[in-house]
Amino acid sequence: MPWPVAASLSGPTDRYPHNVLGSIPAFTSLTVNAQVCDNCPQPRAGLRVTLEAPLVFEDTAPRLWDVNGDGRPEVVVVQSHETKGARLTVWELGQTASGAPDLKMLASTDFIGTRFRWLAPFGIGDFTGDGAVEIAYVETPHLGKTMRLVGLEGNRLAPRGALQGVTNHRIGEETIAGGVRDCDGRIEAILASGDWRSIVAVGWQDGRLVSRDLGALNRRQDLAKALTCTQ
């Protein structure tokens with residue numbers, strides 16, 4: 001089966017004028033470069049999905065993350081609806097009946113439900129310790145400030161846990177802050193407190209997400225430093 005080696009967004013559009021990512025617009029198309037086979041005449045192929053209204057891609061960039069645990073990455077990207085806001089989507093490469101590579105959506109969360117409501121993915125890891133990975137994102141990082149974990153169940157990204165009072169993005173920023181760290185087998189999210197004054201580590205304990213304060217957040221680079229497990 002083919003697998004993605006690179007992915008990008010194209011086709012900037014103003015049909016969803018949220019502008020939450022500064023100069024990064026919404027996009028209509030997702031392009032994936034795929035490895036089709038090893039040591040064959042045409043080992044690479046390019047595939048593209050173009051969304052019609054009312055949908056757009058609203059993200060800093062697609063991510064190549066192994067969501068289903070097969071050792072090869074899927075494509076994770078935020079998609080937004082004109083009236084329902086954002087949802088998280090996972091795209092996979094497969095093959096058509098003729099053997100040609102094919103790009104299709106594997107799973108998604110529900111839409112947030114309100115226009116101009118966004119979410120910011122920041123990492124992946126086995127937070128719960130069940131052997132399967134969860135995708136971590138902050139839903140409405142400017143308003144609700146809620147970290148969510150979701151895991152793959154069929155064609156759904158099903159909820160695994162949630163924690164309020166954290167964030168990883170401010171309106172107009174073109175990157176998503178924080179991330180996921182693995183410190184001696186302990187998987188934690190590194191985020192900002194809701195008021196951007198503290199660095200927060202979020203992990204799994206007794207069947208739920210719990211947070212702990214890692215100290216003052218004086219500049220954005222402090223979050224990157226915390227990912228090195230020095231705190």
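Both backbone and side-chain heavy atoms feed into the values below; hydrogens, waters and symmetry mates do not.
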Kindly indicate whether the side chain of [X], heavy atoms from C-beta on, has any atom under 4.5 Å from the side chain of [Y].
| X | Y | answer |
| --- | --- | --- |
| V75 | V90 | no |
| D66 | R72 | no |
| L21 | E173 | no |
| P62 | V76 | no |
| E82 | R115 | yes |
| P101 | L47 | yes |
| R148 | L163 | no |

Taking all atoms of both residues into account, what is the closest heavy-atom pair of [X] and [Y], and its distance?
| X | Y | answer |
| --- | --- | --- |
| G151 | R160 | N-CG, 3.7 Å |
| T167 | L191 | O-CB, 3.6 Å |
| R44 | V36 | C-CG2, 4.2 Å |
| A136 | L149 | CB-CD2, 3.8 Å |
| T89 | S108 | CG2-CB, 4.0 Å |
| V180 | L227 | N-CD2, 3.8 Å |

N/O donor-acceptor pair under 3.5 Å between [X] side chain and [Y] backbone:
| X | Y | answer |
| --- | --- | --- |
| T146 | G144 | yes |
| Y16 | F116 | yes |
| D102 | L93 | no |
| D126 | D130 | yes |

side-chain hydrogen bond (donor to acceptor under 3.5 Å, both in side chains) partners of [X], counting only residues at least two apart:
| X | result |
| --- | --- |
| E58 | H18, S80 |
| T60 | none |
| D59 | R63 |

So if you build clusters from Ile, Leu, Val, Met, Phe, Trp, Tyr with side-chain heavy-atom gaps below 4.5 Å, do [X] and [Y] land together?
| X | Y | value |
| --- | --- | --- |
| I199 | M147 | no |
| I176 | I171 | yes |
| L223 | F122 | no |
| L64 | W3 | no |
| W118 | V56 | no |

- request: Please determine if K145 and E139 form a salt bridge, counting it only when a charged side-chain N lies under 4.0 Å from a carboxylate O.
  value: no
message: Ignoring hydrogens and geometry beyond distance, is a side-chain donor-acceptor pair present between T128 and E134 at under 3.5 Å?
response: yes
Nearest 0.5 Å, please: how far is [atom2] in [Y] from [atom1] in [X]?
| X | Y | atom1 | atom2 | answer |
| --- | --- | --- | --- | --- |
| H142 | T140 | NE2 | OG1 | 9.0 Å |
| L217 | S198 | CG | OG | 7.5 Å |
| I190 | C183 | CD1 | SG | 7.0 Å |
| M1 | C37 | CE | SG | 13.0 Å |
| L214 | K225 | CG | NZ | 12.0 Å |

task: List for me each residue that meets side chain to side chain contact (heavy atoms under 4.5 Å, CB included) alongside T109, sequence neighbours excluded, and say none if there are none.
output: R87, L88, Y137, V150, L157
Taking distance alone, no hydrogens or angles, what donor-acceptor pairs closer than 3.5 Å link side-chain atoms of residues 23-31 to residues at least two apart or in another chain?
unit_1, atom_1, unit_2, atom_2, d
S23, OG, E174, OE2, 2.4
T28, OG1, G11, O, 3.2
S29, OG, T50, OG1, 2.8
T31, OG1, R48, NE, 2.9
T31, OG1, R48, NH2, 3.4

For atom [atom1] of [X], is the number of surrounding heavy atoms from other residues, nucleotides or ligands below 6.0 Å larger than 12?
| X | atom1 | result |
| --- | --- | --- |
| R15 | CZ | yes |
| Q221 | CD | yes |
| R197 | CZ | no |
| Q95 | CD | yes |

- line: Residues pairing under ring pair (Phe, Tyr, Trp, His ring centres under 6.0 Å) where one sits in residues 38-95, two or more places apart or in two chains, turn out to be H81-F111
query: Checking side-chain contact (heavy atoms from CB on, under 4.5 Å) against L106, which of V67, L152, N155 comes through?
result: L152
